[in-house]
Each structure stands twice: as structure tokens, then as C-alpha cells.
Amino acid sequence: MSEFALIQQHFANATLSHPDTVLGIGDDCAVSQPPAGCQLVSCMDTLVAGRHFLVDTPAYAIAYKAVAVNLSDLAAMGATPYAILLGLSLPKSLANDAWLGEFCRGLVAICQPFGVELIGGDTTGSEILTISITALGFIEPNQAITRHGAKVGDLVCVSGEIGSASFALSQAFLGVVSPLKHTLDLPMPQVRLGRQLVGYASAMIDISDGLAQDLGHILSASGVGAVLDLDKLPTHPILQKLPDTKRWQHQLNGGDDYQLCLTISPQNLQKFQQNHSDNIIYPIGHITKEPTLMLTAQNRPIDFDIGGWQHF
């Protein structure tokens with residue numbers, strides 16, 4: 001199968017056309033017209049077989065997650081997703097209609113709910129399956145939620161259960177299919193919530209490399225510290241049955257949750273809850289002046305090694 005036949009058959013018309021796309025797949029570049037009064041927000045993630053996903057992961061889940069993790073980055077900025085570019089390095093054993101059809105089906109499944117269009121990219125042969133996604137989004141000028149706005153006295157919050165994906169991965173290594181496997185393979189980016197938090201949250205990040213490490217990025221960028229109450233972490237009942245240290249390992253250092261971690265003043269949290277009662281965010285700690293991360297449980301300090309995903 002030639003590169004151009006592959007693109008035309010599987011990707012050229014995979015997603016719905018976006019009104020802001022002037023020219024999509026089929027030329028040297030795509031051409032877009034950003035909405036009036038909006039800034040462009042862009043990000044990119046690369047996933048490598050055997051490094052970021054198990055080699056036997058279904059093609060559907062690989063494509064879905066590759067897009068979802070990028071939409072999660074846009075959500076962390078409060079942006080509205082617009083389009084993606086796909087870089088696909090494909091072994092010959094996978095360059096067939098069956099695998100590509102499932103890959104494309106997974107890509108469409110995560111793009112369609114958010115109105116995201118595939119507007120271009122590149123394909124090539126490779127010994128290792130590698131997927132690079134560039135995601136584009138729009139946001140009103142000076143409204144992007146960054147990592148450097150946390151203030152002393154702000155609350156630290158998360159958008160949902162923490163540690164489930166890490167637990168599912170640990171089970172997969174043991175040959176067990178966990179009931180939480182969907183949280184690992186098919187994460188749901190919190191795009192709607194991210195948009196709603198514009199004007200409320202002082203800083204935000206998505207949890208990809210572990211709660212402690214990703215919160216640490218906010219603390220470092222903002223020049224502050226935090227106290228986390230581990231008893232307040234939203235936790236799936238399956239993880240509640242684990243010993244504390246094993247549960248905390250998944251929640252603090254595991255990663256792959258793709259929930260949002262944010263800081264917000266108590267006043268803004270109250271306003272947010274009044275105006276957006278359909279979305280729950282969970283306070284798990286507060287920002288302090290001392291630039292360290294302190295962990296507590298049952299009202300006492302906890303000494304726990306902080307790690308997180310290492311890319312190299």
C-alpha cells in the first residue's frame with residue numbers, strides 16, 4: 001500500500017470538516033482561519049510502542065489515546081479543540097486495511113465528540129510503531145490557564161478519580177485484565193470542564209506523569225508549595241482496598257489519569273460550584289508559601305518518595 005493510497009483510503013475523509021478549515025488534507029499544508037478575537041493554542045505528544053503503550057494494545061485504543069492525551073493538554077489550558085495533525089510511523093506488518101481501519105475508527109471516536117478535524121500530517125515506514133499528534137485549539141486572548149498562577153491560600157483540586165490507570169497498567173503487567181482497563185486505554189479529556197474553569201482557576205495542568213510530579217510543575221512555576229491530604233484523593237473502590245502505600249504509589253507517582261489538577265481560590269471555588277453544579281471538582285489540599293510539597297493522611301505528615309513518569 002502506497003503512502004498516498006493509505007492516506008486517501010483511511011484518513012482523507014475520516015473526520016468531519018471544521019468550519020475554520022479553509023484547506024485540509026491533500027496539499028502541502030493545511031490552511032485555517034482562526035475565529036475572530038481568538039488565540040491559537042498548540043501542543044504535541046509522541047507515543048512509541050513498548051514505551052507509552054503495550055505492544056499488544058488494540059489499534060483502536062492506540063489512536064484514541066494518542067489524540068485524547070493531546071486534547072487533555074488543550075483542556076488544561078482552558079482551550080477549545082479545533083484540529084489535529086497526525087504523524088504515523090508504521091511497521092510493514094501493520095500497514096494493512098484491518099489494522100488501519102481500527103486505528104482510524106479509534107481516531108474518529110475521540111475526535112467526533114469534540115468537533116476535531118484531522119487536517120493533515122505524514123506517514124512513513126518504521127520498525128517501531130510511533131504516533132505523533134499535534135493538536136490545535138482556540139482561546140480568547142489572555143484567558144489561557146497556565147501553570148504559574150497559583151497563589152498562597154488557593155485550594156488544590158482534581159477533576160476525578162486518581163490512580164486507576166496506573167493500577168490497570170500494573171495488572172496488565174501481571175497478565176490480568178483489570179475492570180479499570182478503560183481508564184488506561186480510553187481516557188476522557190476534560191475539555192468541557194477546562195473551558196468552564198476559565199476565569200476561575202488560577203493555575204492548571206493535566207495529570208499525565210503522576211499527580212505529585214505534575215502538581216510539582218505548578219508549584220515550581222508559581223514559586224509556592226502545597227499540602228496535600230491523601231485521604232481526600234478521589235479514589236475508585238477497587239483502589240480503596242489496597243494498602244495505603246500501594247494506593248498512594250499509583251495515585252501520586254503512577255500517571256496516565258488525564259484528569260485536571262488545578263488551583264483555585266476558596267471564593268472562586270464557591271462561585272464555580274454555584275454556576276456549574278453539573279461538574280464536580282475535588283479539593284485535596286492547599287497552596288502554601290513554603291516551596292515544598294507536604295503530604296498528610298489521618299491528620300499527620302506522611303513521608304513518601306515522590307517519583308512520576310520519566311521520559312528518558
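Quick note: numbers below take in every heavy atom, side chains included, and nothing from hydrogens, waters or symmetry partners.
Atoms OH and SG, on Y200 and C157 in that order, are 14.0 Å from each other to the nearest 0.5 Å. Atom-to-atom distance recorded for I287:CD1 and L215:CG is 6.0 Å, nearest 0.5 angstrom. If you take CD on Q267 and CG on L155, they are separated by 9.0 Å, rounding to the nearest 0.5 Å. The NZ atom of K246 sits 11.0 Å away from the CD atom of Q249 when rounded to the nearest 0.5 Å. Rounded to the nearest 0.5 angstrom, K241 NZ and R247 CZ are separated by 13.0 Å. Annotation: the span from I84 atom CD1 to S132 atom OG amounts to 12.0 Å, rounded to 0.5 Å.
In this structure, the side chain of H18 engages the main chain of D20 through a donor-acceptor pair within 3.5 Å. Counting only distance, with no hydrogens or angles, the side chain of N253 and the backbone of D305 share a donor-acceptor pair below 3.5 Å. Panel note: side chain D27, backbone L23; no donor-acceptor pair is recorded below 3.5 Å. Put simply, the side chain of Q190 gets close to the backbone of M188: a donor and an acceptor are under 3.5 Å apart. No donor-acceptor pair closer than 3.5 Å links the side chain of S277 to the backbone N or O of Q274. At distances below 3.5 Å, at least one donor-acceptor pair connects side-chain atoms of K65 with backbone N or O atoms of L184. In this structure a side-chain-to-backbone donor-acceptor pair under 3.5 Å is present from Q251 to I162. At least one donor-acceptor pair under 3.5 Å links the side chain of H52 to the backbone N or O of V48. The closest donor-acceptor contact from the side chain of T296 to the backbone of L228 lies under 3.5 Å. The closest donor-acceptor contact from the side chain of S222 to the backbone of A150 lies under 3.5 Å.
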### Intermediate values then yes/no, salt bridge (charged side-chain N to carboxylate O under 4.0 Å, His left out), K151 and D154
CA-CA 6 Å; K151 303 290 192 302; D154 282 353; over 6 Å; no
### Task
Could you please spell out the steps behind the salt bridge (charged side-chain N to carboxylate O under 4.0 Å, His left out) verdict for D214 and R147?
CA-CA 10 Å; D214 287 323; R147 301 177 181 182; over 6 Å; no
### Message
Determine whether C261 and L211 satisfy the following criterion, side chain to side chain contact (heavy atoms under 4.5 Å, CB included), listing intermediate values before the conclusion.
### Response
CA-CA 8 Å; C261 175; L211 171 60; 4.0 Å; yes
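Cluster annotation: Y64 is connected to L94 through the hydrophobic network of ILVMFWY side chains, with a link wherever side-chain heavy atoms come within less than 4.5 Å. Under the 4.5 Å side-chain contact rule for hydrophobic residues, L71 and Y258 share a cluster. F138 and V116 sit in two unconnected hydrophobic clusters of ILVMFWY residues. Membership requires side-chain heavy atoms under 4.5 Å apart, directly or through other members. A continuous path of ILVMFWY side-chain contacts below 4.5 Å connects I207 to I280, so both sit in one hydrophobic cluster. No continuous path of ILVMFWY side-chain contacts below 4.5 Å connects L186 to I238, so the two sit in separate hydrophobic clusters.
In terms of heavy-atom proximity, L107 sits nearest to A63 at N-CB, 3.6 Å. Here the closest heavy-atom approach between residue I281 and residue F272 is recorded as CD1-CD2, 4.1 Å. Contact detail for P189 and I110: the closest heavy-atom pair is CD-CD1, 3.9 Å. Between S164 and H236, the shortest heavy-atom contact is OG-CB, 3.8 Å. Among all heavy-atom pairs drawn from P234 and I284, the shortest one is CD-CG2, 4.0 Å. What you find for I25 and L118 is that their closest heavy atoms are CD1-O, 3.6 Å.
Taking the charged nitrogens against the carboxylate oxygens, E140 and R195 do have a contact shorter than 4.0 Å, which makes a salt bridge.
At a threshold of 4.5 Å between non-hydrogen side-chain atoms, the residues E117 and C111 do not count as touching. Between L233 and Y282, every side-chain heavy-atom pair lies at or beyond the 4.5 Å cut-off. Using a 4.5 Å heavy-atom cutoff, the side chains of P81 and V191 are in contact. With contacts defined as side-chain heavy-atom distances shorter than 4.5 Å, the pair L169/T183 does not qualify. Residues Q298 and D231 have side chains in contact (heavy-atom distance under 4.5 Å, counting atoms from C-beta outward). You'll find the side chain of F304 stays beyond 4.5 Å of the side chain of L230, heavy atoms only. Using a 4.5 Å heavy-atom cutoff, the side chains of L47 and L129 are not in contact. With contacts defined as side-chain heavy-atom distances shorter than 4.5 Å, the pair L136/L40 qualifies.
Residues T263 and S202 bring a donor and an acceptor atom of their side chains to less than 3.5 Å of each other. Under the 3.5 Å distance criterion, with hydrogens and angles disregarded, a donor-acceptor pair is assigned to the side chains of N279 and Q196. For the residue pair S89 and S126, no side-chain donor N or O sits within less than 3.5 Å of a side-chain acceptor on the partner.
Checking V69, T46, L86, L85 one by one against I133, the side chain to side chain contact (heavy atoms under 4.5 Å, CB included) holds for a single residue, L86. Looking at T288, L295, T292 one by one, the single match for side chain to side chain contact (heavy atoms under 4.5 Å, CB included) with V227 turns out to be T288.
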